[in-house]
Protein chains: 2
Amino acid sequence: MHTLSKNQRIIFDIIDKSPEPMKAYSILFNVQKKGIKAPLQVYRALDKLVEIGKIHKIESRNAFIACQNSSCQVSKATAFSICESCEKVTEINNSSLSKYLSNFKDKAGMKYSKYNLEFFGLCKKCTTK
Amino acid sequence: MHTLSKNQRIIFDIIDKSPEPMKAYSILFNVQKKGIKAPLQVYRALDKLVEIGKIHKIESRNAFIACQNSSCQVSKATAFSICESCEKVTEINNSSLSKYLSNFKDKAGMKYSKYNLEFFGLCKKCTTK
DNA sequence: AATTTAAATGTTATAATATAACACTATGTA
DNA sequence: TACATAGTGTTATATTATAACATTTAAATT
Ligand SMILES: [Zn+2]
Ligand SMILES: [Zn+2]
Ligand SMILES: [Zn+2]
Ligand SMILES: [Zn+2]
């Protein structure tokens, strides 16, 4: 089990507590009182946290979310649902989906080691509005 | 059928001719001789071209690729394979995959109108190296 | 054809996201 | 201790993207 460094812990905690994905400079702003003053300190911690699967990057939003899926130790197979109205993001944990995608083979004979899927739409709350 | 404006045409053509996804500022550099001088001119054309499905954005790379899939009029369901070694990107056109994903329903009852999937791995060429 | 509306353009400035380079410190291992 | 690896602090800079405003072009409506 990986033990987080000081900066990694600070930055993971703030992302983990956040109800929504956080952007790097919003994280920076929020951790300045804890002595983290430069973008690079944030990005280095983010890189590591992504690498070990504690957080994921929502590529379409340039934002980071804590892994909601305890089995997801490494960020190899990620899927998210994103509400285009309220921007709520949820990590999808569906074994049928992950099985289907992990076994997917294309014609070109490419061997995949990783995927990222982002669904967009309206969440239940925003649909009924 | 949508007819492209002058800037949209110039920018689509350069992306369409490119063997690899192009980044916005690389596009800008390449079209300056055609009178397009500012980032905004590029981004506005890119936005429109994405909207009408002539190009797609590869989110993990902040780069743009021409749609390889004539049936893909609108960018509602996109899938790509990305080689992490040579950065070759291919649009996946697989009806089983698109059917599976278009019909996917999550537990939260969210209705999806769009998805984007990016597979990562090594292409055939890079595997045998 | 004249009027109106919507879409696209040109331009300057600036915001937001991310990395390079270098010196230094902490931690684990032989 | 000596060595290797990972993490930190700092300054500067690169890259990606949008705001705001004036103007022009194209398309739709009368
Ligand atoms: Zn996860
Ligand atoms: Zn919502
Ligand atoms: Zn397409
Ligand atoms: Zn390759």
Phosphate contact ([N] OP1 or OP2) by [X] side-chain N/O below 4.0 Å:
{"X": "B/N7", "N": "C/dA7", "value": "no"}
{"X": "A/Q41", "N": "D/dG9", "value": "yes"}
{"X": "A/K48", "N": "D/dT8", "value": "no"}
{"X": "B/S5", "N": "D/dT25", "value": "no"}

From [atom1] of [X] over to [atom2] of [N], roughly how many Å is that when rounded to an integer?
{"X": "A/I11", "N": "D/dT8", "atom1": "CD1", "atom2": "C1'", "result": "11 Å"}
{"X": "B/I10", "N": "C/dA8", "atom1": "CD1", "atom2": "P", "result": "14 Å"}
{"X": "A/Q32", "N": "D/dT10", "atom1": "CD", "atom2": "P", "result": "12 Å"}
{"X": "B/R44", "N": "D/dT25", "atom1": "CZ", "atom2": "P", "result": "15 Å"}
{"X": "B/E59", "N": "D/dA17", "atom1": "CD", "atom2": "P", "result": "9 Å"}
{"X": "B/L49", "N": "C/dA7", "atom1": "CG", "atom2": "P", "result": "16 Å"}
{"X": "A/L46", "N": "D/dT8", "atom1": "CG", "atom2": "P", "result": "12 Å"}
{"X": "A/L4", "N": "C/dA26", "atom1": "CG", "atom2": "P", "result": "19 Å"}

Minimal non-hydrogen separation, B/M22 against B/I27, with atom names
CB-CG1, 3.7 Å
On a heavy-atom basis, which atom in B/K23 and which in B/A63 lie closest, and how many Å separate them?
CG-CB, 4.2 Å
Indicate, with a heavy-atom threshold strictly under 4.0 Å, whether B/Q8 touches base, sugar-phosphate, or nothing.
sugar-phosphate
Grab the N/O contacts between the protein and nucleotides 13-20 of chain C below 3.5 Å, and write none if there aren't any.
| unit_1 | atom_1 | unit_2 | atom_2 | d |
| --- | --- | --- | --- | --- |
| C/dT17 | OP1 | A/K23 | NZ | 2.4 |
| C/dA18 | OP1 | A/K57 | NZ | 2.7 |
| C/dA18 | OP2 | A/Y43 | OH | 3.1 |
| C/dA18 | N7 | A/Y25 | OH | 2.8 |
| C/dA18 | N6 | A/Y25 | OH | 3.1 |

Count the heavy atoms belonging to other residues, nucleotides or ligands that lie under 6.0 Å from NZ of A/K33, then report whether that count exceeds 12.
no
Under a 4.0 Å threshold between the charged nitrogen and the carboxylate oxygen, would B/R9 count as salt-bridged to B/D13?
yes
Between A/E118 and A/R61, is there a side-chain N and carboxylate O pair less than 4.0 Å apart?
no
Assign the ring pair A/Y112 / A/F104 to parallel, tilted or perpendicular, where the plane angle (0 to 90°) is split at 30° and 60°.
parallel
Look up atom CG in B/L28 and atom CD1 in B/I11, then write down how far apart they are to the nearest 0.5 Å.
8.0 Å
